[in-house]
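What you are looking at is a predicted structure, and each value in this text was computed from that prediction instead of being measured. The sequence lines fix the lettering, A, B, ..., with proteins before strands; numbering per chain opens at 1.
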Amino acid sequence: MRKTSRVQVRKMEKNYDHQSTEDQLYQSWEQSGAMYADRNSDKKPFTIMLPPPNVTGHLHLGHAAMLAIEDILIRFKKMTGHEVLWLPGTDHAAIATENVVIKHLGLKNRNEVSREEFLTECRKFAAEKHDRIVGQMKKMGAWLDWSREAYTFDDARSHAVNTMFRKLYDDGLIAKGHRMINWSTGAQSVLADDELEWEDLKEPFYYLKCGRFIIGTVRSETKCSDSPVIVNPHGKYVKIRTKAGNEELILSQYAWEENPLFAFLKQDYDVVETVTGHDLVGETFEYETYAGKRKFWVVADNVIDMEKGTGAMTVSASHSEDDYELATRLNLQELFVQKIDFHGRMTELAGPCEGMTVEEARKESAKIMKEKGLLVMIDKNYQHRVPFCYRSNSVVEPMVSSQWFISVEKEFTDQWTSKKTTLKKLMQEAVRDGHVKIIPKRFEKTYFQWIDNLRDWCISRQIWWGHRIPVWYGEVRGEEIVAVGSDEELKKKNASNIRQDEDTLDTWFSSALWPFSTLGWPDEFSPDLQKFYPNDVLETGWDIIFFWVARMIMFGRYATGKYPFHHVYLHGMVTDAKGKKMSKSKGNGIDPLDVISEYGADAVRLSLVIGTSPGNPIPLGKDKISGYRNFVNKLWNAGRFVQMQAGKDVKASDTPQSIADKWILSRFSNVAQEVKKHLEKYEISSAGDKIYHFIWDEFCDWYIEASKVDSNPSFLKYIFQEILKLTHPLCPFISEKLWGELAGEELLIGQTFPSIDFRDAQVVENFRLIQTIVTDIRKIRSDQKINPKEKLLLNIQKNKKSDVLQEALPLLKLLAGLNEIQFLETLHSEKNTVKLLIEGISLLLKIPVDEEAEIQRQTKEKQLLQNTIKSLESRLNNKGYLEKAPQHLVEQTQKELEEAKKKLLSLQ
RNA sequence: GCGCGCGUAGCUCAGAUGGCUAGAGCGUCUGCUUGACUCGCAGAAGGUCACAGGUUCAAGUCCUGUCGCGCGCACCA
């Protein structure tokens, strides 16, 4: 055995210091130039586009999880011979940024400055914040090709946006239309359906008189205009009359008979007639509203649900999606009147409530109606959900407005197949036909649910920060003409009064181009596009599957003929340790930068990927992170041990000698293959778990211990270097650091991922025997409360494994605390000995026995054996088992039974 | 209302295709301070696998139902 008495070049600290390591290592990776993806390489490409974070945002745990997962995949693929491209970038995040800048400038709204001034401020602000988010991403260790960094709002991406718009327009898939949209009164802009947040509210539900009809509504403020009263033609209604005969009302038979809310009416009213909705049609009348007398007429339509409300309703065509559709269908143009303006205030139609906010008007109108005797009753327990704007935190009103839409159901001729199709179909086919696989699979159902309900995508926004709609208007000889994509046509025709559309595009329009706009599209011959498109994996949080993933699929397939990626990997939300959502108010949030600084990036990465599964929440607490910090430190100290045994001057050699060498190599080979398999299937958690337990439970607990009695420094160095390669994708910093300490010049990531195939089943079995003997002796020592310092004598009956054990004598002595081991023909039980039977081998441990403890131990063991025997016997006595269970299982059961019996006998 | 998922040790979770004594991390208890590591070492305790039926030689695993939890979609009469 070689003493490492020579002075080491540099002593490694006792504890791993991530603080002094990580930033420096990242810099050295950047400087190496190895992060650059070579478009001319012959290697198979592997591409991930980083989901671009908001340029003005800061790194949160969701980003951290995303970066950890993607970085692991990228490093793994690089080490398995791929030309990897992980392309970074940031998003201009239209509404979000606009709001932040407005706040930053201390404006009430953006109109206090000019459009140009405002955009200049936005650009300035974005540029300032850009470096912060980029720096934070580097803290996680992300192996990104910064030379290709993109921005959703830079020139190249803007060019792609305009080109795409033009293409869609030419195919007739983009058009401007007057339609019902979601209007955020706070942001002063339209919102897409999926941008809405919903809030559960309990609001008063008013039942109002409208002529003879009772109608129900939450929105009392909208009951101020002429309207049809809609009834179901086949629905049954009752006419009820006061006992005095001075008033008659109509409501659905269902409400009258089944709805307890209306029970009180029975005191004063009696049914005088039952009719169908059809019988009521055609009736016209004038009736009082809170805003004066209005005209009403009765119309029948099947949309009316007889079990809702009173089976009758009036219509607010301009302020309700359903009503809008109904009015359109019934061709009631005159109903499209504006009761609420775009600032959320009542128009002159609202009479006494004009100028009030919707909220104020709701209360006031109800009050007036009550005074006028129009209010039948109020249901105070009515619950519903109300949409609001996630950015400005204000109410969203359905409004009719002129906007740009992408038609998802309109047919067009697909240039790649020359077949007629729709954008919706392209999205459906992507997943249905397996072009895009979603991990976990159950989200495919969610995806379809969304696509199937998909309506036209409203892409215009009334904000300033974003891609301006590439549509120009001009006049030629007094006639307005339009140019799309650029204004060149207009200039050619010498148009006058040229002006661009005022609106900007939904931020997701540019994001939807991300997988290919970053690679040079619309230039179809761009080398990057040829080499790295389609992408391999799109990894993101499941919450933006609709906003983003579905739309990338749509645009990618439409514009390039190829689906933009093969796999979609969806990670879950990071929650606190108890699985509760992190929130500022609860104070249970964790800032990734804080914990990176406290525990190191490797520990944070591990805690975000191990013990998690795609699509499920990622519970994270400091305990978990510190646990993985401990693991990282364990690895560091293993490295320290290796360095002490085999410094830089020792050459690594892959030749195993001792049984321990062969065992660890065999185990490593096995584990490495499993890890590889897991990573190929995107099962990062399992891969991490296997590495963790292999390093800690096998390499450190057994192999390093074995190295202390029988050292093979060059092999130790070899196996440890292989371990570092195995660990690198998950813990890039510590592994690279240790690699540098032990080996030297080249980067660890440039090495090949371990793929050794060394299997020696016999050695593994023999080593397991040694482990069992050691563990069993330790158990006895612990039960008998024997001082760990006290060395014991062990007698072993000679057996077929004697030479294996003979070879392992020093190891057995060290690990089990023995000073002498004798091999004897026969063993004699005597006082102060404990008999053991391990895999058919009899052993006798001489100890100062605590009789009582020993009896207790034996009784317990006997009991356990008896139970085992009982259950095994009953299994073997079962005819069905013998007949139907596979042969090898039956044999195994018999073998177990025999062994258990033998063991029990040895205890008697 | 429609759909998805979950309910396994004190806590957070693993447990393809049914088949050894149901596992891990953290926590708890006992002991140790051994020359890589107290961010450590050795050992232990702790589970009627939500409940009720069913299929099977065999169910944590498959089927049906019940209860509880989380989530998505739809939803302003």
Side-chain angles (χ1 to χ4, degrees), chain A residues 12 14-16 198 201 203 205 215-219 222 230 303-305 308-316 319-323 326 382 384-387 397-398 440 442-443 445-446 448-450 452-453 542-543 545-546 572-573 575 577-579 599 603 607 610-613 615-617 619-621 623-624 626-645 685-686 689 692-693 700-701 704-705 707-708 775 778-783 785-789 814-815 817 864 867-868 871-872 875 878-886 889 892-893 896:
Chain A
M12 288 167 66
K14 215 166 162 182
N15 284 336
Y16 171 57
W198 294 83
L201 282 183
E203 284 191 289
F205 191 88
I215 57 156
T217 184
V218 173
R219 307 206 59 173
T222 62
I230 316 278
V303 291
I304 296 297
D305 180 345
K308 260 186 182 172
T310 57
M313 69 175 192
T314 57
V315 172
S316 283
H319 302 287
S320 152
E321 179 79 43
D322 291 341
D323 291 10
L326 185 64
Y382 183 76
H384 65 158
R385 289 170 71 208
V386 180
E397 290 290 343
R442 71 186 137 91
F443 277 95
K445 217 160 193 171
T446 313
F448 285 124
Q449 195 179 14
W450 186 75
D452 295 344
N453 283 315
W542 60 258
D543 49 323
I545 182 170
F546 307 133
M573 291 259 278
T575 66
K578 302 251 178 218
Y599 301 104
S607 60
I610 300 184
T612 71
S613 51
N616 287 340
L620 185 72
D623 284 351
K624 188 173 180 186
S626 78
Y628 288 110
R629 186 269 322 269
N630 295 354
F631 168 72
V632 168
N633 193 55
K634 185 80 180 171
L635 183 61
W636 172 258
N637 273 288
R640 254 180 105 210
F641 179 81
V642 175
Q643 199 202 39
M644 285 169 70
Q645 298 267 318
S685 178
S686 307
D689 199 59
Y692 178 98
H693 287 288
C700 292
D701 286 355
I704 285 190
E705 292 309 312
S707 288
K708 289 175 183 170
T775 311
R778 281 172 175 170
K779 224 177 273 175
I780 291 166
R781 296 185 65 120
S782 175
D783 284 348
K785 304 222 182 334
I786 294 168
N787 187 326
K789 276 185 177 154
L814 176 80
L815 297 180
L864 209 77
N867 289 347
T868 311
S871 97
L872 291 175
R875 203 182 301 171
N878 185 333
K879 236 178 152 186
Y881 180 70
L882 294 175
E883 278 165 16
K884 293 189 181 168
L889 264 174
Q892 195 184 315
T893 314
E896 276 164 26

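Arg442(A) has its CZ atom 18 Å from the C1' atom of C2(B), to the nearest Å. Rounded to whole Å, atom C1' of G5(B) lies 15 Å from atom CE of Met573(A). Regarding Asp623(A), its CG atom lies at a distance of 8 Å from the C1' atom of G27(B), rounded to whole Å. If you take NZ of Lys785(A) and P of C29(B), they are 15 Å apart, rounded to a whole angstrom. One interatomic measurement links the two molecules: CH2 of Trp542(A) to P of C71(B), which rounds to 8 Å at whole-angstrom precision. Per the geometry, NZ belonging to Lys884(A) stands 18 Å off P belonging to G19(B), to the nearest Å. Look at CZ on Phe443(A): it is 11 Å from P on C73(B), rounded to the nearest Å. Atom CD1 of Ile545(A) and atom P of G72(B) are 13 Å apart (whole Å).
Using a 4.0 Å heavy-atom distance criterion, Ser320(A) is classed as making no nucleic acid contact. Residue-level contact check: Trp198(A) touches the bases, meaning some heavy atom is under 4.0 Å from a base atom. Residue contacts shown for Tyr382(A) are limited to sugar-phosphate atoms, with no base heavy atom under 4.0 Å away. Ile610(A) comes within 4.0 angstrom of nothing in the nucleic acid, heavy atoms only. Within 4.0 Å of Thr217(A), counting heavy atoms only, lie sugar-phosphate atoms of the nucleic acid but no base atom. If you check every strand for non-hydrogen atoms under 4.0 Å, Tyr599(A) touches nothing. Within 4.0 Å (heavy atoms only), Asn867(A) reaches no atom of the nucleic acid at all.
Shown are Thr310(A), Ile230(A), Leu326(A); of these, the side chain to side chain contact (heavy atoms under 4.5 Å, CB included) with Ile304(A) is made only by Ile230(A).
For A74(B), the base has no donor-acceptor partner in the side chain of Glu321(A) [N/O atoms by modelled type, under 3.5 angstrom].
Remark: Lys785(A) NZ to Ile780(A) CD1 distance equals 14.0 Å, nearest 0.5 Å.
The ring of Tyr628(A) has its center no closer than 6.0 angstrom to the ring center of Tyr599(A).
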**OP:** In sequence, state the C-alpha distance, the side-chain angles, and the governing distance for Glu896(A) and Thr868(A), and then conclude on side chain to side chain contact (heavy atoms under 4.5 Å, CB included).
**Re:** CA-CA 9 Å; Glu896(A) 276 164 26; Thr868(A) 311; over 6 Å; no
**OP:** Show your working on side chain to side chain contact (heavy atoms under 4.5 Å, CB included) between Cys700(A) and Lys634(A) and close with a plain yes or no.
**Re:** CA-CA 8 Å; Cys700(A) 292; Lys634(A) 185 80 180 171; 3.7 Å; yes
Subject >> Test log, rule side chain to side chain contact (heavy atoms under 4.5 Å, CB included), inputs Lys14(A) and Arg640(A) >> reply: CA-CA 8 Å; Lys14(A) 215 166 162 182; Arg640(A) 254 180 105 210; 3.4 Å; yes
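A donor-acceptor pair is defined here as one N or O able to donate and one able to accept, closer than 3.5 Å; no such pair exists between the side chain of Ser782(A) and the backbone of Arg778(A). Looking at Asn637(A), its side chain does come within 3.5 Å of a backbone N or O of Asn633(A) through a donor-acceptor pair.
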Subject >> Nucleotide-level pairing of RNA chain B, given in dot-bracket where Watson-Crick and G-U pairs need both distances under 3.5 Å and | marks other strands >> reply: (((((((..((((.....[...)))).(((((.......))))).....(((((..]....))))))))))))....
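Phe443(A) approaches Ile545(A) most closely through the heavy-atom pair O-CD1, 4.3 Å. Nearest heavy-atom pair across Met573(A) and Trp542(A) is N-NE1, 4.1 Å. Taking every heavy atom of both residues into account, Lys624(A) and Leu620(A) meet most closely at CD-CD1, 4.3 Å.
Side-chain proximity of Arg640(A) to G19(B), C76(B), C37(B): nearest is C37(B).
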Original post:
How would nucleotides 39-47 of chain B be written as a contact map, 5' to 3', with B for base contact, S for sugar-phosphate-only contact and - for no contact, using protein heavy atoms under 4.0 Å?
Top reply: BSSSSSS--
Short heteroatom pairs, N/O only, protein and nucleotides 12-17 of chain B, under 3.5 Å:
none

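If Lys879(A) and Leu872(A) are placed on RNA chain B by their nearest nucleotide, the residue sitting closer to the 5' end is Leu872(A). Along RNA chain B, the nucleotide closest to Lys14(A) and the one closest to Phe546(A) are compared, and the more 5′ of them pairs with Lys14(A).
Between Arg442(A) and Thr446(A), every side-chain heavy-atom pair lies at or beyond the 4.5 Å cut-off.
Of the C1' atoms belonging to G46(B) and U30(B), the separation is 15 Å, rounded to the nearest Å.
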